[in-house]
A.B. asks: 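Okay, handing you the structure first.
These figures come from a predicted structure and were not determined experimentally. Just so it is clear: chains get the letters A, B, ... in the order the sequence lines come, proteins before strands, and each one is counted from 1.
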Number of protein chains: 2
Amino acid sequence: MTFPLLTDQVTQTLRAQGGRMTAQRRLILDVLQASDSHPTAEELYALARQSDPSLNLSTVYRTLNWLEERGFVSPRRFDDNHAHKHFDPVQPDGGHVHHFHCRKCDRVIEFSAPQVELLLEQIRGEIARQHGLRVDDAALVLSGLCMDCVAKS
Amino acid sequence: MTFPLLTDQVTQTLRAQGGRMTAQRRLILDVLQASDSHPTAEELYALARQSDPSLNLSTVYRTLNWLEERGFVSPRRFDDNHAHKHFDPVQPDGGHVHHFHCRKCDRVIEFSAPQVELLLEQIRGEIARQHGLRVDDAALVLSGLCMDCVAKS
DNA sequence: GTATATGCAAACTGTTTGCATTTAC
DNA sequence: GTAAATGCAAACAGTTTGCATATAC
């Protein structure tokens with residue numbers, strides 16, 4: 001799951017926008033590319049410091065933000081600790097609610113449809129079989145434009 | 001999407017575990033129940049303080065954690081700001097990678113299968129049609145036990 | 001040479017914790 | 001009366017920012 005072109009692409013963008021390819025950025029990109037473990041900023045920092053102990057954590061954050069703004073990396077959140085959480089009441093019937101997040105107005109819309117549940121069940125089975133693991137839960141987060149924002153555009 | 005029984009259920013559990021139903025807890029539960037906006041702890045705090053300005057933020061956190069531990073509320077994370085992020089390289093072909101999160105060893109396993117993509121496509125269409133919105137992206141996070149942890153148990 | 005990045009320390013946000021006081025049972 | 005919950009302040013983790021210094025172009 002590595003993309004040998006990442007550093008090159010970034011260098012191009014950098015050039016196009018009057019930015020500069022520094023040793024730190026190159027290092028961070030290398031580490032990012034070499035890693036398939038979804039590192040957090042801190043983990044990436046620790047890895048990169050093995051090569052350059054003088055690297056600063058804020059440089060890592062600045063670089064990651066820069067990369068994210070330009071679509072080179074995408075943030076994911078898996079762990080429930082230390083995260084900015086939203087709390088929903090849990091459904092008494094144990095049924096599942098999934099979410100749609102409008103990227104324009106930030107609205108969150110819940111949905112749950114039997115057909116969706118059925119399809120998800122197939123996916124869960126598929127993945128469980130393929131990887132030999134046990135799937136207990138499936139969280140689906142769709143994103144796009146909600147009805148209101150679609151109407152406005 | 002409200003469950004009138006929430007406060008009652010919590011009271012029962014509380015009783016069963018030697019806990020106490022306080023005015024603060026009742027207030028937090030009421031606010032949680034009345035709200036369909038997926039409030040964060042801070043938002044919930046702000047809402048609840050309208051009824052009881054002496055309510056403390058740490059009480060809100062403690063109550064939410066208590067509720068979460070007992071399965072009464074479930075945390076969700078939607079916003080990319082202020083969250084504990086994991087960074088992945090974005091795939092150049094725009095293809096999709098989904099994730100499996102082992103709740104025991106915290107390992108994250110990527111997967112992407114054409115069948116899954118196909119099923120997700122159906123879900124996206126279904127939801128888009130049902131709600132009249134535009135779905136640009138679908139993030140699927142499965143969780144359970146990974147192969148290693150299954151083997152160990 | 002100049003604009004851009006860096007390192008460092010200090011600030012900031014969201015969350016947790018220790019402890020004395022209050023309160024539900 | 002006693003164990004459990006609260007309020008408060010202080011600590012904590014992850015992230016951002018201001019500023020002087022260094023460096024890519």
A.B. asks: Which is more 5' along DNA chain D, the nucleotide nearest A:Leu57 or the one nearest B:Arg62? Just name the residue.
C.D. replies: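 Looking at DNA chain D, the more 5' nearest nucleotide goes with B:Arg62.
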A.B. asks: In whole Å, I'd like the distance from the CZ atom of B:Arg25 to the P atom of D:dA4.
C.D. replies: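 In whole Å, D:dA4 P and B:Arg25 CZ are 11 Å from each other.
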A.B. asks: May I have the distance from A:Glu42 (atom CD) to D:dA13 (atom C1'), rounded to whole angstrom?
C.D. replies: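 Going from CD in A:Glu42 over to C1' in D:dA13 covers 8 Å.
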A.B. asks: Please report, rounded to the nearest Å, how far the P atom of C:dT15 is from the CG atom of B:Leu44.
C.D. replies: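 So the CG-P distance, B:Leu44 to C:dT15, works out to 12 Å.
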A.B. asks: Which pairs would a plain distance check flag for residues 25-32 of chain B, meaning a side-chain donor or acceptor within less than 3.5 Å of a matching protein atom at least two apart in sequence or in another chain?
C.D. replies:
{"residue": "B:Arg25", "atom": "NH1", "partner": "B:Arg20", "partner atom": "O", "Å": "3.0"}

A.B. asks: Have B:Gln130 and B:Glu126 got a donor and an acceptor in their side chains that come within less than 3.5 Å?
C.D. replies: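 B:Glu126 and B:Gln130 do have a side-chain donor-acceptor pair below 3.5 Å.
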A.B. asks: Select from B:Met21 and A:Gln24 the residue whose nearest nucleotide in DNA chain C is closer to the 5' end of that strand.
C.D. replies: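 On the 5' side of the pair lies A:Gln24.
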A.B. asks: Does a side-chain heavy-atom distance below 4.5 Å link A:Leu142 with B:Leu133?
C.D. replies: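 No - every pair of side-chain heavy atoms lies 4.5 Å or more apart.
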A.B. asks: Roughly, in whole Å, what's the span from OH in B:Tyr61 to C1' in D:dA11?
C.D. replies: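 To the nearest whole Å, that distance equals 15 Å.
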A.B. asks: Phosphate oxygens OP1/OP2 of D:dT6: is one of them under 4.0 Å from a side-chain N or O of B:Thr22?
C.D. replies: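 Result: yes.
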A.B. asks: For the residue pair A:Val135 and A:Arg124, what are the closest heavy atoms and their distance?
C.D. replies: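 It is O-NH2, 3.3 Å.
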A.B. asks: When the distance from CG of B:Leu64 to P of D:dT6 is rounded to whole Å, what number comes out?
C.D. replies: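 After rounding, the gap between these two atoms is 12 Å.
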A.B. asks: Taking 4.0 Å as the cut-off, does a side-chain nitrogen or oxygen of B:Asn56 come that near to OP1 or OP2 on D:dC8?
C.D. replies: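 Yes, such a contact exists.
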A.B. asks: Cation-pi check for B:Trp66 against B:Arg70: NZ or CZ below 6.0 Å from the six-membered ring centre and within 45 degrees of the axis, yes or no?
C.D. replies: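 Yes, a cation-pi geometry holds between B:Arg70 and B:Trp66.
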A.B. asks: Which listed nucleotide (D:dG14, C:dT6, D:dT6) is nearest to the side chain of A:Thr63?
C.D. replies: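 For A:Thr63, the side-chain atoms sit closest to C:dT6.
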A.B. asks: Whole Å only: how far is the OH atom of A:Tyr45 from the C1' atom of C:dC8?
C.D. replies: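 Spelled out: OH on A:Tyr45 to C1' on C:dC8 is 11 Å.
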A.B. asks: Please report the distance, rounded to the nearest Å, between CH2 in A:Trp66 and P in D:dT17.
C.D. replies: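 A:Trp66 atom CH2 is separated from D:dT17 atom P by 18 Å.
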A.B. asks: I need the CD-P distance between A:Gln17 and C:dA3, as an integer number of Å.
C.D. replies: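 Distance check: A:Gln17 CD to C:dA3 P gives 18 Å.
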A.B. asks: For D:dT15 and A:Asn65 - does any side-chain N or O of the residue sit under 4.0 Å from the phosphate oxygens OP1/OP2?
C.D. replies: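 So the side-chain polar atoms of A:Asn65 never come under 4.0 Å of the phosphate oxygens OP1 or OP2 of D:dT15.
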A.B. asks: A:Ser58 or A:Arg20: which one's nearest nucleotide on DNA chain C is closer to the 5' end?
C.D. replies: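 Checking each residue's closest nucleotide, the 5'-ward one belongs to A:Arg20.
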